[in-house]
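Below: one structure, written as structure tokens.
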Amino acid sequence: MASPQHGDFSYASLLEISKKLKRNPKELAADLLVFLKTEACSSSHEKQVAMLAHAEVAGPGFINMQFSQEFLNSKLHRLLSLPLGSTSLKGKKILMEYVSANPTGPLHIGHGRWAVFGSSLARALSFCSAKVYQEFYVNDTGKQIDKLYESVAAIRSSKPIPEDGYHGEYLHSFKNNTEDPLQSILNEQKETLKKIGVHFDNFFHESSLRTAPHRPQSKNIQEIEENTALSGSASSSEKPDTLKHCLDLMESKNLAYHHDGALWFRSSLGGDDKDRVLRKSDGSLTYFALDIAYHFTKLKRGWPSLIDILGADHHGYVKRISIATSLMYKYLIASKEQLQTSQAEDFSISIIIGQLVKVFRGGKEVRMSKRSGDFIALEETIQEIGPDATCYFLSRQKISNSLYFDLEQAKQKNLENPVYYVQYGHARIHAVFRKALDAGILQENLLTNTVPGLPATQEYTLIEQAIPQLLDTPLMLSLEPTSTARRLLLQAMQFSSEIEQLTSSVHAETHHICRWLAETASLFHKLYNEQIFIKNKTTEDKEYSLSMLRLLAVVAKTLKAGLSMLGVSAPNTM
RNA sequence: GGGGCUGUAGCUCAGCUGGAUAGAGCAUCGGUUUCCUAAACCGGUGGCCGGAGGUUCGAACCCUCUCAGCCCCA
């Protein structure tokens, strides 16, 4: 926000306020300055520490401020001794649905993008104390699935695959086994997702929405993984027909009507340009009907805040499904049907449209089509460039922007991929700590496995084990206004608010994490080249080293937090 | 025909609520290693922010029009 020469941070929107108040911005700034100096400086919300050392009016009406040494010191102490996190979304219950790939083939690179984006966002929301439930919708009924079974059946009986069936090579592995293809493909998808750190709380099968088994010969796919504790009354011996219930409800509430032999949803009520068909005149249901029923169950299971991440090819769906879900929620509140949630204002549905990934190979675009079998598998990419680079690469750009992905380039650029730059920063800090241990600056007998502010684990890093002995170190950094060390500390302090900001925005721009990581790593590498942390000549040097280690420990802690939010590892050596 | 996304350095992209001299990485040119990891650091070159109007103290950002690319629906 502020460049270093403008102090630690600056306030710029005073000019806008002054317009409304019809006051001279400079005068207003001067008044605010007096207030800041008397009020804010004397009562920071932590202890009684003066927050500001300096504040001044600059330019046409900016206020530039500088933190006091004491404030920075206490902030550093907190960052080191407490868990990182925020309470900005405390009490929020959010159900996220993403990936939801059809179980008709392996995941492609586009799915990888939604997966990485979704899981990063989920971690960011959890970081802000929201309760997040991650779900994958398994589209296990319908024409595409029938085609899958027909194609496999043809392969098994050595007959030609139907023209409009699936021709991908991956299906040929079913020739010599009797596995259920759908279940098997789904399992493979899960395995792939696991490699990039994506875990779902639930795989919701579309077939569970209706009673009539869609495909009697494959009963094993009917096993419902849905957590019954969360699904309210769904645990009775007879499975309720959610879809029928939902459609009946809509009819009874006059949200749906019959016309021309079809059943229509009054989506125009909510501002759609026309009503949409739920059940065609031939009796078959539209995807839309199933989607409404699915979203209905999300609400009924007690999740009032919904986030859907859809591919750009589904953007036509956004409006109608938002409308349908809102109307459903209104009904649920109106009828006082059992809801595990409390307030109506908790309801929100946010549908994030992720643009597609354009895949190139040596400058030539590769078209993705699952049916012909010509697609870029996520699995293949992970194997070629590794899970860390995959996650980072897929996170780097705004989700609303098409992502250009050249496989050849990604392969070649292994060492130039920015993820290594950040990881290297983390590993380098470890090297400094190892050196400090060798030099006797850190005391081996004081290393501990009970680290404040971190979850219990058997595998604390050296840095983490050293935290307790660093907490007592006084801050002796030369934190001149524009020093790299000061900028680095401010950057680390910024991490939590960076995450808060992206979770509060509708666009949920997780690529900001990448930017923050790269900036932080850059500042660290700069500092590393500016000075030597471990000198070990005099007592003074030793104290200096300890104070620097304290700063570096915070940097390592936040770097690791940022990396793991993206599903990227934070190695200790490279 | 209707709708969505995008247009910023040679390439790939950031740019947070309209704010101070538009930023990174790669590429390119030149420097830095008796010292904690050179997978690093420092410096140079490179810009009509697609174009035109408008809003205002101020616009890459907001509004209108327009051009180009990608996608969805009919």
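Numbers restart at 1 for each chain; the letters A, B, ... are given by sequence-line order, proteins then strands.
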- Does any donor-acceptor pair link the side chain of A:Gln501 with the base of B:rC16 at a separation under 3.5 Å? yes

- Task: Using the P atom on both, measure B:rG69 against B:rU64 and round to a whole Å.
- Result: 23 Å

- Query: Quick one: A:Tyr420 OH to B:rG25 C1', roughly how many Å, whole number?
  - Reply: 16 Å

- Message: Between A:His426 and A:Phe524, is the ring centroid distance below 6.0 Å?
- Response: no

- Message: Using whole Å, what does the distance between atom C1' of nucleotide B:rU37 and atom CG of A:Asn529 come to?
- Response: 11 Å

- Choose from B:rU37, B:rC35, B:rC72 the nucleotide whose nearest atom is closest to any side-chain atom of A:His315. B:rC72

- Rounded to the nearest Å, what distance is computed from the CG atom of residue A:Asp388 to the P atom of nucleotide B:rA39? 18 Å

- With C1' as the reference atom in both, quote the distance from B:rA9 to B:rG47 in angstrom, rounded to an integer. 6 Å

- Task: Please state the P separation for the pair B:rG1 and B:rC61 - nearest whole angstrom.
- Result: 28 Å

- Task: Rounded to the nearest angstrom, tell me the gap between atom CZ in A:Arg113 and atom C1' in B:rC5.
- Result: 11 Å

- Message: Tell me if the centroids of the rings in A:Tyr421 and A:Tyr392 come within less than 6.0 Å of each other.
- Response: no

- Quick one: classify the glycosidic conformation of B:rU33 as syn or anti, with syn meaning within 90° of 0. syn

- Message: Measuring only the C1' atom in each nucleotide, how far is B:rG7 from B:rU17? A whole number of Å is fine.
- Response: 24 Å

- Query: Base, sugar-phosphate alone, or nothing: which one does A:Ala518 contact when heavy atoms must sit under 4.0 Å apart?
  - Reply: nothing

- Message: For A:Tyr294 and A:Tyr137, I'd like to know if the aromatic rings sit close, meaning centre-to-centre distance below 6.0 Å.
- Response: yes

- Message: Let's see if you can work this out: which of B:rC72, B:rC41, B:rC36 has an atom nearest to the side-chain heavy atoms of A:Ser522?
- Response: B:rC41

- Tell me, which pairs form a salt bridge (charged side-chain N to carboxylate O under 4.0 Å, His left out) where one or both residues lie in residues 312-323 of chain A, sequence neighbours left out? none

- Item | Rounded distance (Å) that lies between atom P of B:rC36 and atom CZ of A:Phe533 | 13 Å

- Answer yes or no: does a side-chain N or O of A:Lys526 lie under 4.0 Å from OP1 or OP2 of B:rC42? yes

- Message: Can you tell me if A:Ser400 touches the phosphate of B:rU6, counting only side-chain N or O atoms and a distance under 4.0 Å to OP1 or OP2?
- Response: yes

- Message: Per the salt bridge (charged side-chain N to carboxylate O under 4.0 Å, His left out) rule, what does the pair list look like for residues 565-574 of chain A, sequence neighbours excluded?
- Response: none

- Taking atom types as modelled and ignoring hydrogens, do the side chains of A:Asp282 and A:Ser284 form a donor-acceptor contact shorter than 3.5 angstrom? yes

- Message: By nearest heavy atom, map A:Ile353 and A:Thr573 onto RNA chain B; which one lands nearer the 5' end?
- Response: A:Ile353

- Note on the structure: Per-residue pairing states of RNA chain B in dot-bracket (Watson-Crick or G-U under 3.5 Å; . unpaired, | other strand) read (((((((..((((.....[...)))).(((((.......))))).....(((((..]....)))))))))))).

- Which residues share a salt bridge (charged side-chain N to carboxylate O under 4.0 Å, His left out) with A:Glu498, sequence neighbours left out: A:Arg515

- Could you check how far CZ of A:Arg276 sits from P of B:rC72, rounded to whole Å? 17 Å

- Item | Pair listing, salt bridge (charged side-chain N to carboxylate O under 4.0 Å, His left out) test, anchored in residues 105-120 of chain A, at least two apart | none

- Query: Which nucleotides of nucleotides 10-15 of chain B have their base under 4.0 Å from a protein heavy atom (B), which only their sugar-phosphate (S), and which neither (-), written as one string 5' to 3'?
  - Reply: --SSSS

- Query: Do A:Ser86 and A:Glu500 have side-chain atoms, one donor and one acceptor, less than 3.5 Å apart?
  - Reply: yes

- Message: Using atom P in both nucleotides, what's the gap between B:rA24 and B:rC41 to the nearest angstrom?
- Response: 13 Å

- Query: In terms of side-chain heavy atoms, does A:Gln397 have a donor or acceptor partner in A:Tyr404 at a distance below 3.5 Å?
  - Reply: no

- Message: Distance check, P atoms only: B:rC49 and B:rU34, in whole angstrom units.
- Response: 45 Å

- Message: Base, sugar-phosphate or nothing for A:Tyr528? Non-hydrogen atoms, less than 4.0 Å.
- Response: base

- Task: Report the distance from atom CG of A:Leu523 to atom C1' of B:rG25, rounded to the nearest whole Å.
- Result: 15 Å

- Nucleotide B:rC72, atom P - distance to CD1 of A:Ile351 in whole Å: 19 Å

- Taking atom types as modelled, is there a side-chain donor on A:Ser504 or A:Gln501 under 3.5 Å from an acceptor on the other? no

- Message: Strictly below 4.0 Å: does A:Tyr421 bring a side-chain N or O up to OP1 or OP2 of B:rC41?
- Response: yes

- Query: Touch check for A:His525, heavy atoms < 4.0 angstrom, all strands: base, sugar-phosphate only, or nothing?
  - Reply: sugar-phosphate

